[in-house]
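Notes follow the structure.
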2 protein chains.
Amino acid sequence: MLYQKGNMFSKACEYGIKSMIYIQSNHDDSRKICLNEIAEAINSPMAFTAKILQQLKRSGLLVSTIGAKGGFQIKNNKPITIKEIVLAIDGDGFFSKCVLGLKVCSSANPCPAHEAYKLIKENMIKDLLDLELDEFTKNIKNKTIALK
Amino acid sequence: MLYQKGNMFSKACEYGIKSMIYIQSNHDDSRKICLNEIAEAINSPMAFTAKILQQLKRSGLLVSTIGAKGGFQIKNNKPITIKEIVLAIDGDGFFSKCVLGLKVCSSANPCPAHEAYKLIKENMIKDLLDLELDEFTKNIKNKTIALK
DNA sequence: TATAATTCGGACATTTTTATCCTAATTAAT
DNA sequence: ATTAATTAGGATAAAAATGTCCGAATTATA
């Protein structure tokens with residue numbers, strides 16, 4: 001093939017999702033979770049991960065405290081869906097863009113794959129994007145699920 | 001967001017799929033369909049599209065003839081699924097890669113989204129990837145479906 | 001046989017995505 | 001007060017994807 005592709009999400013988004021899952025699964029009111037620990041846990045480049053955490057913060061999903069013993073926490077300890085993370089990092093392209101890249105593509109003016117993609121989106125939303133983080137954290141502590 | 005993302009397929013793959021749909025929907029034993037016409041029809045950069053057509057040829061989906069009145073045709077005029085095109089251009093990443101980017105991720109050793117992604121893949125395969133090109137060409141000639 | 005239309009492939013350029021480096025600011029704890 | 005741990009963000013670099021340019025080879029047809 002020309003290039004190797006075929007990822008639903010960008011690397012940035014993968015790191016974002018894994019970061020959020022890690023933060024959620026290690027939640028503890030008595031401490032914050034720092035960048036270093038997150039990047040180690042999810043096996044991601046630290047400086048790059050820092051940018052992503054900033055973005056998640058700007059989007060209102062995380063809060064952070066600076067300085068020693070500082071780190072990140074989920075804002076208000078609120079339930080968060082995968083969709084919110086994807087929107088924060090990759091934007092709404094997944095939901096809004098034509099799967100074949102047409103500038104305008106709607107049910108009134110569809111590309112050949114429009115209806116098929118509609119079904120696919122519905123299933124993705126139901127099976128993954130609308131799920132909340134704690135759906136994914138259940139089995140992390142007992143090591144049946146891996147983040148790296 | 002950091003960057004704008006959220007595409008199921010690469011641009012190259014989008015052009016590949018649209019090229020194949022165009023070629024199929026304009027099939028006529030008496031002529032070949034040339035690059036120029038394809039790129040015009042699907043609104044894609046010509047030189048880039050040329051590379052993609054070469055790749056589709058190398059993968060055995062197209063045949064071409066050089067020279068005046070040359071062009072491309074679907075090999076053996078055989079039914080082709082979207083999956084074959086995706087495999088030719090984007091490779092099998094969509095099918096083989098972990099949705100969260102883990103190096104190893106299997107049902108024995110799953111990432112947190114493994115099961116969810118399995119469902120999603122099954123639906124994508126059923127609703128789009130296993131469909132044959134002529135599913136997408138039906139309404140092109142009467143202009144209810146657009147390629148650009 | 002000359003010309004125009006075409007594929008083919010190499011080299012290069014641009015843009016986007018991913019990743020790194022560095023310095024400043026803040027805070028806890030000693 | 002100093003130090004170490006930490007977030008924050010700007011600048012830059014590297015890699016990947018997308019896109020362009022050009023010249024060579026081939027073939028139909030005038």
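So you know, we letter chains A, B, ... as the sequences are listed, proteins then strands, and number each from 1.
In this structure, the CD atom of A:Glu14 is 12 Å from the C1' atom of C:dT17, given to the nearest Å. For A:Asn36 and D:dA5, the CG to P distance is 10 Å, given to the nearest whole Å. Between B:Ile52 atom CD1 and D:dA17 atom C1' the separation is 11 Å, expressed in whole Å. Rounded to an integer number of Å, the gap from A:Glu37 CD to D:dT6 P is 9 Å. Per the geometry, CG belonging to A:Asp90 stands 13 Å off C1' belonging to C:dT16, to the nearest Å. The interatomic distance linking A:Leu62 (CG) with D:dT7 (P) rounds to 11 Å, in whole Å. Rounded to whole Å, atom P of D:dC22 lies 13 Å from atom CE of B:Met46. Remark: C1' of C:dT16 and NZ of A:Lys11 are 16 Å apart, rounded to the nearest angstrom.
Within the 4.5 Å cutoff, no side-chain heavy atoms of A:Ile33 are placed close to those of A:Gln73. Taking 4.5 Å as the limit, every side-chain heavy atom of A:Thr137 sits out of range of all side-chain heavy atoms of B:Pro112.
Residue-level contact check: A:Gly67 touches the bases, meaning some heavy atom is under 4.0 Å from a base atom. Residue contacts shown for A:Leu35 are limited to sugar-phosphate atoms, with no base heavy atom under 4.0 Å away.
Side-chain N/O atoms of A:Ser64 include none lying less than 4.0 angstrom from OP1 or OP2 on D:dT6. Side-chain N/O atoms of A:Gln54 include none lying less than 4.0 angstrom from OP1 or OP2 on D:dT7.
Comparing A:Tyr15 and B:Phe72 by the nucleotide of DNA chain C whose heavy atom lies nearest to each, the residue mapping closer to the 5' end is B:Phe72. Position along DNA chain C of the nearest nucleotide to A:Thr49 versus B:Ala50 favours B:Ala50 as the more 5'-ward residue.
Looking only at distances, a side-chain donor or acceptor of A:Asp90 sits under 3.5 Å from a matching main-chain atom of A:Ser10. Remark: the backbone N or O of B:Leu100 is paired with a side-chain donor or acceptor of A:Lys18 at under 3.5 angstrom.
Heavy-atom minimum distance, A:Thr49 versus A:Ser44: OG1-OG, 2.6 Å.
For B:Ile66, whose side chain is taken as the heavy atoms from C-beta onward, the closest listed nucleotide among D:dA5, C:dT7, C:dA19 is C:dT7. Distances were taken from every side-chain heavy atom of B:Lys69 (C-beta onward) to each of C:dA11, C:dC8, D:dA28; the shortest belongs to D:dA28. When the nucleotides C:dT6, D:dG9, D:dT20 are ranked by their closest atom to the side chain of B:Phe48, D:dT20 comes out on top. Which of D:dT20, D:dA28, D:dT7 sits closest to the side chain of B:Ala68 comes down to D:dA28.
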